[in-house]
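To find a chain, count down the sequence lines: A is the first, B the second, and so on, and within it residues start at 1. Excluded from the calculations below are hydrogen atoms, water molecules and symmetry mates; all remaining heavy atoms, backbone and side chain alike, are included.
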Protein chains: 2
Amino acid sequence: MTGYTKRRLSGAALGKVAERFKALSEPMRLRLLYALMDGEKTVSELVGETGGVQANVSKHLSVLLDAGILGRRKQGTSAYYRIVDESIFELCDLVCGSIHDRLAAELAEFSATPRS
Amino acid sequence: MTGYTKRRLSGAALGKVAERFKALSEPMRLRLLYALMDGEKTVSELVGETGGVQANVSKHLSVLLDAGILGRRKQGTSAYYRIVDESIFELCDLVCGSIHDRLAAELAEFSATPRS
DNA sequence: GTAGTTTATCGCTCCACGGTAGTATAGCGA
DNA sequence: TCGCTATACTACCGTGGAGCGATAAACTAC
């Protein structure tokens, strides 16, 4: 019993799920999400932390906004972005665990292989 | 306490996580994964079930194979693919729940809005 | 041997997307 | 009013990847 339902998804649902995964398939966007873990930040702050160009950071942020992962608040000339879908980090944790397991398995297999 | 560790990831780890998400960001690949839920199948069977072209199905399967999500077994002229990373469905379930919550929230907000 | 089946791969077109530069818009201060 | 800053938007280029047809490779049956 692993906890997931193993329910089949309709075609439309499949598309929405794929869309969500696509929003998370860019290292830069993941970096932005992790930078936002300690609370909302402005675009400038995110530019400084991630080392990206302002235009790119702004575009990636709007992608995450459209995906429903981030929220935005404007104050003065600044735009404050925050995470509204905390399940993102659960996803990343699951993937990290899965990748770790695979690497560990490969390592074990390599170590068990007799060197010729 | 939601259960995830909220640990920051290195740049390389971020790339690997993004790569995994990218492998899941295609509806066709998700369809193949869900078709494989009830056990290993040949490419021909998957072509029949998903309605895809053989070349595409084969390519998508090799993407999932390289990502460590699927395993392959060859017997005669047939290739049997199976799921080796069951955590995939946990990921999909999490995303489904998240999407459902968002849609439900949008619906509630819409219903609460007084119609002018 | 030949023919048929199954799978993988190649070449191609087309489209989506990331990165970048430049520009526009809005708010703030002198 | 005139800058200055912060953000968003537009246009362009290059790349990567999906879809498709044709072909190649491996195996089976005759």
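The distance between atom CG of A:Leu65 and atom P of D:dC9, rounded to the nearest whole Å, is 10 Å. Taking atom CG of residue A:Leu64 and atom P of nucleotide D:dA8, one finds them 13 Å apart after rounding to whole Å. Taking atom CD of B:Glu26 as the reference point, atom P of C:dC15 lies 16 Å away to the nearest angstrom. Atom P of nucleotide D:dG16 and atom CD of B:Glu19 are separated by 13 Å, given to the nearest angstrom. Atoms CD (A:Glu40) and C1' (D:dT7) sit 16 Å apart, rounded to a whole Å. Whole-Å rounding puts the B:Leu30 CG to D:dA18 P distance at 12 Å. When the P atom of C:dG18 is taken as reference, atom CG of A:Leu24 falls 12 Å away, rounded to whole Å. If you measure from atom CG of A:Leu32 to atom P of C:dG19, you get 10 Å, rounded to the nearest angstrom.
The heavy-atom pair separating A:Ala35 from A:Glu49 by the smallest distance is CB-OE1, 3.6 Å.
Not a single donor-acceptor pair under 3.5 Å links the side chain of B:Lys41 to the backbone N or O of B:Tyr80.
Within the 4.5 Å cutoff, the side chain of B:Thr42 has heavy atoms near those of the B:Glu45 side chain.
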Strictly under 3.5 Å: I want the nitrogen or oxygen pairs between protein and nucleotides 6-13 of chain C, one per line.
from  : atom 1 : to      : atom 2 : distance (Å)
C:dT6 : O4'    : B:Thr77 : OG1    : 3.4
C:dT7 : OP1    : B:Val43 : N      : 3.2
C:dT7 : OP1    : B:Ala79 : N      : 3.4
C:dT7 : OP2    : B:Ser44 : N      : 2.8
C:dT7 : OP2    : B:Ser44 : OG     : 2.0
C:dA8 : OP1    : B:Arg72 : NH1    : 2.6
C:dA8 : OP1    : B:Tyr81 : OH     : 2.8
C:dA8 : OP2    : B:Ser58 : OG     : 2.9
C:dA8 : N7     : B:Gln54 : NE2    : 2.8
C:dA8 : N6     : B:Gln54 : OE1    : 3.1

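Hydrophobic cluster membership differs between B:Val63 and B:Leu32, with clusters built from Ile, Leu, Val, Met, Phe, Trp and Tyr side chains linked at under 4.5 angstrom. The hydrophobic cluster containing B:Val47 does not contain B:Val53, counting ILVMFWY residues as joined when their side-chain heavy atoms lie under 4.5 angstrom apart, directly or transitively.
Residue B:Leu70 is tested with B:Ile88, B:Val84, B:Leu33 for a side-chain contact (heavy atoms from CB on, under 4.5 Å); the sole match is B:Leu33.
Residue A:His60 places none of its side-chain N or O atoms closer than 4.0 Å to OP1 or OP2 of C:dC17.
In terms of position on DNA chain C, the residue among A:Gln75 and A:Arg29 whose nearest nucleotide sits closer to the 5' end is A:Arg29.
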